[in-house]
Protein chains: 2
Amino acid sequence: MDVVSECKAGSGEKNGTRFSACLLFSANALARAITAIGDEEFGRVGLSYSHAYLLSEVISQPGITPSALSDTLYLTPSTITRLVEKLEQKQLVRRESEGKKTLILPTPAGEALQADINDAWNRVGQRYAAAIGETNVCQLTKQVFQAAKSLTGDE
Amino acid sequence: MDVVSECKAGSGEKNGTRFSACLLFSANALARAITAIGDEEFGRVGLSYSHAYLLSEVISQPGITPSALSDTLYLTPSTITRLVEKLEQKQLVRRESEGKKTLILPTPAGEALQADINDAWNRVGQRYAAAIGETNVCQLTKQVFQAAKSLTGDE
DNA sequence: AGATCATATTTGTATGTGCAAGCAAAAATT
DNA sequence: AATTTTTGCTTGCACATACAAATATGATCT
């Protein structure tokens, strides 16, 4: 796929097709690659990266609600429910109903993981930097973040 | 998540953590957003974007093998199998065994979709451009593509 | 030629995710 | 105060994808 190198501003021409396809697949490939690194590092802690990140949010804001987590993690509420369920099974987190809301709190076992999780995040960061360069990580993150925001109309 | 704005080169400090997390989630969010647009446009053709792209590859290279498709689409062979299965169900594609290889060929019904698929790709491209600007699409694609390549060690 | 190794594909199983529908609590309207 | 609407969360179902194991064909090396 060297379609990318032929990028010209006018998107009307025939290559626009392949080009959009490329963005679509690249974006997914990037997400998978990045996720793979995340899961690899968090594997040692016995979590996936989403679970890990959710857990650290819960630790830093005990009593946080699923909807708040949904906003922070850019995941739908239903997904949050699944993640919390699994963390609950592992006894790293517990739920408390308060009216319509649900509060999510870390258990001692969950809190005990915080240091490991931070280490894992650091290793993840280092691996990104090693693979694509620190400056690029930064640029990439900004651009990806911006684009994601614009595309979801969530500005 | 305004973590992004605080990006500094040194990834050692405490914010590196949040920052990597941000890239991870942004990348996934971007992929989902981009995919959503793709699926929306391809929905009219009755396909998902991966099926559509696979089909157009098969049309332009009749007899292409799953492994070749795997390389082009950046998907694992097993995923290709599933995709082809579904397209076969819909009678848009057929398989032909040739020794160890499997050749994938479009059916007439499949070929008939080509124009619609191209239109859909164009609309997808236009929507990307509308959302994040043509210049940005271009830059983004390049960057994402490059990063994905570096991260998978597939250079 | 027979045995081992390599390659190409498929299947079983699992995961993360979302959508749409359901339910439960709260808020608003009458 | 009773009904409707909104909000927050959860469940059922579906999908795209991957990994690991299974299978089948081909290639290589005695």
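Note that the structure is predicted; figures quoted are calculated from it, not measured. First the proteins, then the strands, lettered A, B, ... as listed; each starts at 1. Heavy-atom basis, side chains included; hydrogens, waters and symmetry copies ignored.
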- Query: Rounded to the Å, how far apart are A:Ile80 CD1 and C:dG18 C1'?
  - Reply: 12 Å
- Message: Using the side chain to side chain contact (heavy atoms under 4.5 Å, CB included) criterion, which residues pair with B:Gln91? Sequence neighbours excluded.
- Response: none
- Item | Partner set under side-chain hydrogen bond (donor to acceptor under 3.5 Å, both in side chains) for A:Thr35, not counting sequence neighbours | B:Asn28
- Item | Sugar-phosphate, base or nothing in reach of B:Thr102, heavy atoms under 4.0 Å | sugar-phosphate
- Message: Are B:Trp121 and B:Tyr53, when compared by the centres of their aromatic rings, separated by less than 6.0 Å?
- Response: yes
Taking only nitrogen or oxygen atoms into account, show me every contact under 3.5 Å that the protein makes with nucleotides 18-21 of chain D, one pair per line with its distance.
residue, atom, partner, partner atom, Å
D:dA18, OP1, A:Arg32, NE, 2.8
D:dA18, OP2, B:Thr76, N, 3.0
D:dA18, OP2, B:Thr76, OG1, 3.0
D:dA18, OP2, B:Thr79, OG1, 2.8
D:dC19, N4, B:Ser78, OG, 3.0

- Message: For a quick check under 3.5 Å, do B:Gln61 and B:Glu57 share a side-chain donor-acceptor pair by atom type?
- Response: yes
- Item | Which residues share a side-chain hydrogen bond (donor to acceptor under 3.5 Å, both in side chains) with A:Thr102, sequence neighbours left out | none
- Task: Could you list the residues that satisfy side-chain hydrogen bond (donor to acceptor under 3.5 Å, both in side chains) with B:Thr135, not counting sequence neighbours?
- Result: none
- Note on the structure: So salt bridge (charged side-chain N to carboxylate O under 4.0 Å, His left out) across residues 88-110 of chain A, not counting sequence neighbours, yields A:Glu88-A:Arg95, A:Arg94-A:Glu96
Would you tabulate the nitrogen or oxygen pairs shorter than 3.5 Å linking the protein to nucleotides 24-29 of chain C?
residue, atom, partner, partner atom, Å
C:dA25, O3', A:Lys100, N, 3.2

Extract from the structure each pairing of a protein N or O with an N or O of nucleotides 1-3 of chain D at less than 3.5 Å, listing the distance.
none

- Name the nucleic acid region contacted by A:Thr35, choosing base, sugar-phosphate or nothing; use a 4.0 angstrom heavy-atom cut-off, strictly under. nothing
- Message: Students often get this wrong, so: under 4.0 angstrom with heavy atoms, is B:Ser50 touching a base, only sugar-phosphate, or nothing?
- Response: sugar-phosphate
- Using a cut-off of strictly less than 4.0 Å, decide whether B:Ser97 has a side-chain nitrogen or oxygen near OP1 or OP2 of C:dT9. no
- A:Tyr49 has an atom OH; how far is it from atom C1' of C:dG16, in whole Å? 8 Å
Please write out each protein N/O paired with an N/O of nucleotides 1-3 of chain C under 3.5 Å, distance rounded to 0.1 Å.
none

- Query: Can you name the residues that form a side-chain hydrogen bond (donor to acceptor under 3.5 Å, both in side chains) with A:Thr107, not counting sequence neighbours?
  - Reply: none
- Message: For a quick test of reading the model, state the closest non-hydrogen atom pair linking A:Ile34 to B:Ala27 and the distance between them.
- Response: CD1-CB, 3.9 Å
- Note on the structure: Applying side chain to side chain contact (heavy atoms under 4.5 Å, CB included) to B:Ala68 and not counting sequence neighbours gives B:Ile64, B:Thr65
- Not counting sequence neighbours, list each pair that qualifies as a salt bridge (charged side-chain N to carboxylate O under 4.0 Å, His left out) and has a residue in residues 41-55 of chain B. B:Glu41-B:Arg44, B:Glu41-B:Arg123, B:Glu41-B:Arg127
- Query: Taking only side-chain nitrogens and oxygens of B:Ser67, does any of them come within less than 4.0 Å of OP1 or OP2 of C:dT7?
  - Reply: no
- Note on the structure: When rounded to whole Å, the OH to P distance for the pair B:Tyr53 and D:dT17 reads 13 Å
- Mind listing the closest non-hydrogen atom pair of A:Leu92 and A:Leu55 along with its distance? O-CD1, 3.8 Å
- Give the rounded distance in Å between these two atoms: CD1 of A:Ile64 and C1' of D:dC9. 15 Å
- Classify the side-chain pair A:Thr76/A:Thr79 by whether it contains a donor and acceptor separated by less than 3.5 Å. yes
- Message: From C-beta outward on B:Pro66, which listed nucleotide comes closest to its side chain: D:dC9, C:dT17, C:dT9?
- Response: C:dT9
